[in-house]
Amino acid sequence: MTDIRTILRTASHALGDRLEAELLLAHALGVNRAWFFAHAEDALAAADETHFNELVARRARGEPVAYITGRRDFWSLPLEVTPATLIPRPETELLVELALARLPEGGRLLDLGTGSGAIALAIAKERPDATVHAVDASEAALKVAQRNARALGLKVTFFHGNWFAPVTGETYDVIVSNPPYIEDTDEHLGQGDLRFEPMSALASGADGLDDIRKIIAGAPAHLAEAGWLLFEHGWNQGGEARALFSPSAWVDVSTLRDLEERDRVTGARRPSLQI
Ligand code: GLN
């Protein structure tokens, strides 16, 4: 009989990561991680041990923890994720903060390429006064996002289609997106968690900016006067992203940095009408 403490120590060593071992064991046992504190001496049932060892083996072969457990926390929200959705990253919380700071009382927000719904749901959670719409080209991803909205009791209206196609005629105060932005030939696509994530959520043409170009081109027709477009991009794409905004159509073009002090979000605003 192996106890909880021993099996966690062994798995942490094998994976080189204590948190991952705890997340997998919590998933195998259907408990939360806090439970381990009071149960370190408990013996593990043989069936649970076998199940846990299978999960550790999957992780050791590279599968992301979030896809093994089907869960990932983002902002304050426990989210379901599947291989149909990108795994939400902590740096994307910057986009949520910037959108919240720019969304007027009772405002309207659109999230393009919502995936698991992470960004739209975080904003809906903080701002029940707002109207939040979210679009994704993947029906499988939208099903996950809808289940997340239902499980969290949050109101987001979801639309299926490419970028602005399903929201023709709608206008917003803020449009946000974490689009695909990795260069097609970037070697990182063949490494780590990215190997298991949907390529359509990661890669975007030779310079990684194909989808960002489409979003910038389509946004003016869907933004209210003085409305904001904000999108995430790679740490080395800030300058190129700013250069895509035509000075005749946009003001206040700027790039903001994430907690690791890397360029992460670029945004710009539609001009106010002159009086
Ligand atoms: N930030 C992710 C990564 O580089 C990519 C996400 C994206 O393309 N939107 O791992």
Run the side-chain donor-acceptor check on residues 93-103: report pairs under 3.5 Å with partners two or more places apart or on a different chain.
from	atom 1	to	atom 2	distance (Å)
Glu93	OE2	Trp75	N	2.6
Arg102	NH1	Leu98	O	3.1

Distance-only donor-acceptor hits, side chain of residues 138-156, under 3.5 Å, sequence neighbours excluded:
from	atom 1	to	atom 2	distance (Å)
Ser138	OG	Ala140	N	3.4
Ser138	OG	Ala141	N	2.9
Arg147	NE	Glu80	OE1	2.9
Arg147	NE	Glu80	OE2	3.4
Arg147	NH2	Glu80	OE2	2.7
Asn148	OD1	Glu80	N	2.7
Asn148	ND2	Glu80	O	3.0
Asn148	ND2	Ser116	O	3.0
Asn148	ND2	Val144	O	3.4

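When hydrophobic side chains of Ile, Leu, Val, Met, Phe, Trp and Tyr are connected at separations under 4.5 Å, Trp35 ends up clustered with Ile4, Ile7, Leu8, Leu15, Leu19, Leu23, Leu24, Leu25, Leu29, Val31, Phe36, Leu44, Phe52, Leu55, Val56, Val65, Ile68. Clustering of Ile, Leu, Val, Met, Phe, Trp and Tyr side chains at separations under 4.5 Å places Tyr67 together with Val81, Ile87, Phe196.
Residues that satisfy the side chain to side chain donor-acceptor pair (under 3.5 Å) test with Asn162, not counting sequence neighbours, are absent from this structure. Remark: Arg257 pairs with Asp263 by the side chain to side chain donor-acceptor pair (under 3.5 Å) rule, at least two apart or across chains. Every residue was checked against the side chain to side chain donor-acceptor pair (under 3.5 Å) condition with Asn53, not counting sequence neighbours, and none meets it. With sequence neighbours excluded, no residue forms a ring-ring contact (aromatic ring centres under 6.0 Å, His included) with His27. Under the side chain to side chain donor-acceptor pair (under 3.5 Å) criterion, Tyr181 pairs with Glu232, Arg264, not counting sequence neighbours. Applying the ring-ring contact (aromatic ring centres under 6.0 Å, His included) rule to Phe158 yields no partners; only residues at least two apart in sequence or on another chain are considered. Judged as a side-chain contact (heavy atoms from CB on, under 4.5 Å), and not counting sequence neighbours, Ala165 has no contacts.
Aromatic pair His222/Phe164: centroids less than 6.0 angstrom apart.
Sorted by first and then second residue, the pairs that involve residues 59-78 and meet salt bridge (charged side-chain N to carboxylate O under 4.0 Å, His left out), not counting sequence neighbours, are Glu20-Arg59, Arg58-Glu63, Arg59-Asp193.
Salt-bridge formation is detected for the pair Arg127/Asp129: a Lys NZ or Arg NE/NH1/NH2 atom is positioned less than 4.0 Å from an Asp or Glu carboxylate oxygen.
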